[in-house]
Amino acid sequence: MKQPLQELLIGAFERLRSQGSVPPDLALDIHLERTRDRQHGDFATNVALTLTRPLKRKPREIADMIIAALPDSGYVTKVEVAGPGFINFFLSPAAYVEQVKQVLASGEAYGRSDLGAGRRVQVEFVSANPTGPLHVGHGRGAAYGAAVADLLAAAGFQVHREYYVNDAGRQMDILATSVWLRYLEMFGEKIRFPSAGYKSENYIFDIAGALYKERGDALRHTAAAVTADLPPDGAADDSGDKEAHIDALIMRAKQLLGEQPYRLVFDRALDSILADIRADLEEFGVVYEEWFSERSLVESGAVERAIQRLRDSGHLYEKDAAWWFRSTDFGDEKDRVVVRENGQSTYFASDIAYHMDKLERGFDRVIDVWGADHHGYVPRVKAALAAIGDDPGRLDVLLVQFAILYRGGQRVQMSTRSGEFVTLRELRNEVGNDAARFFYVMRKCEQHMDFDLDLAKSQSNDNPVYYVQYAHARICSVLRQMHDKVYTLDESLGLEQLTLLQEAHEQDLMVALARFPETIEAAALVHEPHQIAYYLRELATAFHTYYNAHQFLVDDARLRNARLCLIVATRQVIQNGLGLLGVSAPEAM
RNA sequence: GCCCCGGUAGCUCAGUUGGAUAGAGCGUUCCCCUCCUAAGGGAAAGGUCACAGGUUCAACUCCUGUCCGGGGCGCCA
């Protein structure tokens, strides 16, 4: 709807240039916006205001000149100058009628565009370490990332959703070792559990139990062999180093088991947890094109190649037996280690390799959705890309703030350390997938979020999810009533008679429908799914107001079918909008 | 100490990237079902946009400084 108006303005300026009323080299930045107030028409532009200085004329004079030069259009009934020099456009009823027809003709595709022109975008999100179930913080990243990806797809981008699996590294060794120790306990081996291990997590016992069932005593070793000559743990009673202790324990596990059996324990733990995460996300309506393994980067030599590229380009130096990346040359606060004293590459090295790989795969844009606690990590990743000659501007890192749960007006305590965090699955079971998905994206991602569990659960008009879904259900209900009254929907008759819909409520609803495609484009480009949530609430309000003010199933067949066409179009848009957020559109509530 | 995010109605938050009289939901007060689901609608009250400067035709929006809240600053991942 915006596009034709934009073209009219461009046409006007072409005419003004040829007339010599405007210098030929005049730079134009035409901002066309929806008006806040219908008194100001449908769209407004401030070009005249922005041209006061270059043209050295009064804004209202400039506005008059532009209006006089506008080509004719069937979409516009009136154009006027207002306020300090705004140009207001009033669209013709035909323009909105056209939009309703468009909704019904396009169906599920209404709102989609080819703005992205098929450019390839990769969206990496969640990527939680596979060391335990997802918690509510990951849930927000999942809902947000999925919505951003779907929005981009709707805006015509070719989207590749990816989960980066941190299946290499020390944290996973700690996990595997923890499982093995629990497994040994099942044979009655008495081993004091390391304080840095996964001590109180129930799923560790479950995985150990599965291992016991599948492998019997094939992986058994005696407590004495496991604990012999270990450096002391760091618990309160012995002043050892808990990190050194667990590292030694990991070494011991690898030694006693041998490479293959150790790998077996490791993979059993990894597969089990990853399967759980995958199922959790699928139930949440979040699916990926690819699960990308960090280990595959290590094993394929990609990490080594990445380090070599940095070394070749002179950005690495050796200090204290470790290899450092001079990221300060690219704006980072301090230099970062890529190869540790012990010869192991760091997580950061893997991440450099991963991001190199992403760009090599030819994505036009790469989006990472991270928890806000990783913000300090952004400069070093961008630094690495710059160092190897890639364009860090192709990478967008979207930081998602934490969600704080409230129940009964009280903050729900969450502590990862004590293991009493709330899992995503628990949240989904408590409030349902729809409420969880909707609430998670109701806020801008950089906003701290207060997640009110009671509100999310309440089946009342306080709850925005139900409010929107109810509008959809109500329309379905009207159609059921229609059948009961032995009417049928005559769509072609209704579409012919759309001009009968002159009531203010009907006009408002048509405006709301027309705004949907614009809203998707805007939300997609700035990665803000909350705009869709707000839009849907406004659309639902426009419908509920209309519903209360007018009867749809009236005797007059022409008016009845016109109104039914309008609300069927509304139902379609609600369905499309909720779909973008991963929320269902129920036919009855 | 340095860095990131936030501060808008009693509460939770929007504010179309600098535009017209700062908006919505909840809460409060009042009103509307002989009528397609009242899980709805209408009306009222409610504001020094944290504070102070600056930039310009125009600042909640951009710049600088201050105050308050949250988070981050590992050879962890």
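Lettering of chains follows the sequences in order, A, B, ..., and the numbering in each one begins at 1. Note that the coordinates shown come from a computational prediction; the quantities given were computed from them, not determined experimentally.
Checked options A:Asp351, A:Asp396, A:Asp368; the residue passing with A:Lys358 is A:Asp368 (criterion: salt bridge (charged side-chain N to carboxylate O under 4.0 Å, His left out)). A:Met172 pairs in a side-chain contact (heavy atoms from CB on, under 4.5 Å) with only one of the listed residues (A:Leu270, A:Asn166, A:Thr177, A:Asn129), which is A:Leu270.
Of the candidate nucleotides B:rC5, B:rG41, B:rC35, B:rG41 has the atom nearest to the side chain of A:His544. Comparing B:rG15, B:rG41, B:rA77 by their nearest atom to the side chain of A:His530 picks out B:rG15. With B:rA14, B:rC73, B:rG41 as the candidates, the nucleotide lying closest to the side chain of A:Gln447 is B:rA14. Among the nucleotides B:rA20, B:rC76, B:rU16, the one closest to the side chain of A:Arg170 is B:rC76. Of the candidates B:rC36, B:rA77, B:rG15, B:rC36 carries the atom nearest the A:Tyr547 side chain, counting heavy atoms from C-beta on. Taking every side-chain heavy atom of A:Val478 into account, B:rC36 is the closest of B:rC36, B:rC2, B:rC4. In this structure, of B:rU17, B:rA77, B:rG19, it is B:rG19 that holds the atom nearest to the side chain of A:Asn46. Distances were taken from every side-chain heavy atom of A:Glu294 (C-beta onward) to each of B:rA77, B:rC75, B:rG42; the shortest belongs to B:rA77. Picking from B:rC57, B:rC36, B:rC75 the nucleotide with the shortest atom distance to the side chain of A:Leu49 gives B:rC57.
Using cut-offs of 30° and 60° for the angle between ring planes, the A:Tyr354 and A:Tyr164 rings count as parallel. By the 30° and 60° cut-offs, the orientation of the rings of A:Trp370 relative to A:His355 is perpendicular. Ring geometry, A:Tyr547 versus A:Phe552: the interplanar angle exceeds 60°, so the pair is classed perpendicular (tilted spans 30 to 60°). The aromatic rings of A:Trp291 and A:Tyr163 lie parallel to each other, their planes meeting at an angle below 30°, with 60° marking the opposite boundary.
For A:Arg443, no side-chain nitrogen or oxygen approaches OP1 or OP2 of B:rG6 to under 4.0 Å. Side-chain nitrogen and oxygen atoms of A:Arg340 include at least one within less than 4.0 Å of the OP1 or OP2 phosphate oxygen of B:rA77. Taking 4.0 angstrom as the limit, A:Lys444 places a side-chain polar atom (N or O) nearer than this to OP1 or OP2 of B:rG15. Contact check, A:Thr131 against B:rA77: no side-chain N or O comes under 4.0 Å of OP1 or OP2.
Heavy atoms of A:Trp324 sit under 4.0 angstrom from at least one base atom. Contacts of A:Lys485 with the nucleic acid, taken as non-hydrogen atoms under 4.0 Å apart, are absent. Contacts of A:Glu341 with the nucleic acid, taken as non-hydrogen atoms under 4.0 Å apart, include base atoms. Residue A:Ser477 is classed as a base contact, given a heavy-atom separation below 4.0 Å to a base. Nucleic acid contact for A:Phe348: none, since no nucleic acid atom lies under 4.0 Å from a heavy atom of the residue. When heavy atoms are screened at a 4.0 angstrom cut-off, A:Ala473 is found touching base atoms of the nucleic acid. Within the nucleic acid shown, A:Ala588 comes within 4.0 Å of at least one base atom, counting heavy atoms only. Using a 4.0 Å heavy-atom distance criterion, A:Gln551 is classed as a base contact. Residue contacts for A:Ala322: at a heavy-atom cut-off of 4.0 Å it reaches a base atom on one of the strands shown.
Comparing A:Thr35 and A:Leu479 by the nucleotide of RNA chain B that holds the closest heavy atom to each, the one mapping nearer the 5' end is A:Thr35. Comparing A:Ala540 and A:Asp320 by the nucleotide of RNA chain B whose heavy atom lies nearest to each, the residue mapping closer to the 5' end is A:Ala540.
Using atom C1' as the reference point in both B:rC57 and B:rC3, the two lie 37 Å apart (nearest Å). Rounded to a whole angstrom, the distance from the C1' atom of B:rU61 to that of B:rG19 is 11 Å. When the P atom is used for both B:rC63 and B:rG18, the distance is 10 Å, rounded to whole Å. Nucleotides B:rC11 and B:rU56, compared at atom C1', are 37 Å apart to the nearest Å. Taking atom P on both nucleotides, B:rG65 is separated from B:rU29 by 47 Å, rounded to a whole Å. Comparing the C1' positions of B:rC26 and B:rA14 gives an interatomic distance of 14 Å, to the nearest angstrom.
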Dump the pairs, protein N or O against N or O of nucleotides 22-27 of chain B, anything under 3.5 Å, distances to one decimal.
{"residue": "B:rG25", "atom": "O4'", "partner": "A:Arg537", "partner atom": "NH1", "Å": "3.4"}

Can you pull every protein N or O that's under 3.5 Å from an N or O on nucleotides 67-71 of chain B?
{"residue": "B:rG71", "atom": "N2", "partner": "A:His375", "partner atom": "NE2", "Å": "2.7"}

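Rounding to the nearest 0.5 Å places CG of A:Leu536 at 11.5 Å from OH of A:Tyr467.
Non-hydrogen atoms lying under 4.0 Å from RNA chain B are contributed by A:Ala82, A:Phe86, A:Asn88, all within residues 78-91 of chain A.
Judged purely by atom type and a 3.5 angstrom limit, A:Asp335 uses its side chain to pair as donor or acceptor with the backbone of A:Ser327.
Between A:Leu509 and A:Leu566 the shortest side-chain heavy-atom distance falls below 4.5 Å. In this structure the side chain of A:Lys242 never reaches within 4.5 angstrom of the side chain of A:Pro194, judged on heavy atoms.
Using a cut-off of 4.0 Å between Lys/Arg side-chain N and Asp/Glu carboxylate O, A:Arg34 and A:Glu518 are scored as salt-bridged.
The six-membered or imidazole ring of A:Tyr535 lies near that of A:Phe516, with a centre-to-centre distance under 6.0 Å.
Remark: A:Met589 CE is packed, more than 12 non-hydrogen atoms of other residues, nucleotides or ligands lying under 6.0 Å away. Counted within 6.0 Å of CG on A:Asp555, heavy atoms from surrounding residues, nucleotides or ligands total 12 or fewer; the atom is thus considered open.
Looking at A:Ser350 and A:Glu294, their side chains do bring a donor and an acceptor atom within 3.5 Å of each other.
Across all strands shown, B:rG53 pairs with B:rC63; the Watson-Crick or G-U wobble distances both stay below 3.5 Å. Using Watson-Crick or G-U wobble geometry with both donor-acceptor distances under 3.5 Å, B:rA43 finds its partner in B:rU29. Across all strands shown, the partner of B:rG6 is B:rC68, judged by Watson-Crick or G-U wobble contacts whose two distances both fall under 3.5 Å. Judged by Watson-Crick or G-U wobble contacts below 3.5 Å, the nucleotide B:rA24 has B:rU12 as its partner.
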